[in-house]
Amino acid sequence: MSSERACMLCGIVQTTNEFNRDGCPNCQGIFEEAGVSTMECTSPSFEGLVGMCKPTKSGMYAIKVDGRLPAEVVELLPHYKPRDGSQVE
């Protein structure tokens, strides 16, 4: 059983321990502003991986992440598009 999860906002893939310990390296400020935990914004269900090698955003990113971000996060992001392929209503 994999302990990897993907962020529902940026798609970065990390272990559950990394998300618990460090939060999301790209989105943590947004989650804190919304008052939600990092684990509420990650999912163990994701598809496809893309590797990115940049000094500030290196890592593995999921192409599709199943799940819905908490409403508190979506309210902060007027142009948000879900990573699961659905549309925001």
Side-chain angles (χ1 to χ4, degrees):
M1 185 159 147
S2 175
S3 67
E4 293 179 330
R5 300 179 69 87
C7 175
M8 287 187 262
L9 185 53
C10 73
I12 195 164
V13 176
Q14 300 187 131
T15 66
T16 299
N17 287 342
E18 289 172 315
F19 277 120
N20 278 325
R21 183 183 66 234
D22 305 322
C24 177
N26 303 318
C27 306
Q28 194 59 36
I30 295 168
F31 301 156
E32 289 173 3
E33 184 177 343
V36 299
S37 74
T38 303
M39 296 311 288
E40 291 178 86
C41 301
T42 64
S43 172
S45 179
F46 56 91
E47 296 176 24
L49 289 174
V50 174
M52 185 182 299
C53 296
K54 286 189 171 184
T56 58
K57 291 193 178 187
S58 292
M60 297 300 288
Y61 288 79
I63 295 171
K64 180 180 175 187
V65 183
D66 296 326
R68 291 288 183 137
L69 281 171
E72 297 88 346
V73 175
V74 176
E75 289 170 4
L76 295 174
L77 306 167
H79 301 290
Y80 168 69
K81 292 187 180 186
R83 297 189 65 85
D84 67 357
S86 66
Q87 297 296 317
V88 176
E89 296 175 16

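Heads up: numbering here begins at 1 and tracks the sequence. Heavy-atom basis, side chains included; hydrogens, waters and symmetry copies ignored.
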Closest heavy-atom contact between Ser43 and Val65? CB-CG1, 3.8 Å
Rounded to the nearest 0.5 Å, how far does SG of Cys41 lie from CD of Gln28? 8.5 Å
For Glu47, what residues pass the salt bridge (Lys or Arg N to Asp or Glu O under 4.0 Å) criterion, not counting sequence neighbours? Lys64
Minimum heavy-atom distance between Asp66 and Ser45, given as atom pair plus value: OD2-OG, 2.6 Å
Testing the 3.5 Å rule here: is there a donor-acceptor pair between the side chains of Thr15 and Asn17? no
Keeping the roles fixed (side chain from Thr16, backbone from Ser3), state whether a donor-acceptor pair exists under 3.5 Å. yes
When clusters are formed by joining ILVMFWY residues with side-chain heavy atoms under 4.5 Å apart, either directly or through shared neighbours, do Leu49 and Leu9 land in the same one? yes
Tell me whether Tyr80 is reachable from Leu76 by hopping between hydrophobic residues (I, L, V, M, F, W, Y) whose side-chain heavy atoms are closer than 4.5 Å. yes
Quick one: pull up CE in Met60 and CD in Gln14 and give me the separation to the nearest 0.5 Å. 12.5 Å
In Å, rounded to the nearest 0.5 Å, how long is the span from CG of Leu69 to CZ of Phe31? 6.0 Å
Answer yes or no: is there a side-chain heavy-atom contact under 4.5 Å between Pro25 and Ile12? yes
Residues Pro70 and Val36: closest non-hydrogen pair is CB-CG1, 4.0 Å
Please check: side-chain N/O of Arg83 versus main-chain N/O of Ala6, any donor-acceptor pairing under 3.5 Å? no
Straight-line distance of Met8 CE to Asp84 CG, nearest 0.5 Å: 9.0 Å
Which pair of non-hydrogen atoms, one from Tyr61 and one from Cys10, has the smallest distance, and what is that distance? CD2-O, 3.4 Å
How long is the span from the CZ atom in Arg5 to the CD atom in Glu18, to the nearest 0.5 Å? 13.0 Å
Between Cys7 and Phe19 the two heavy atoms that sit nearest each other are N-CZ, 3.9 Å
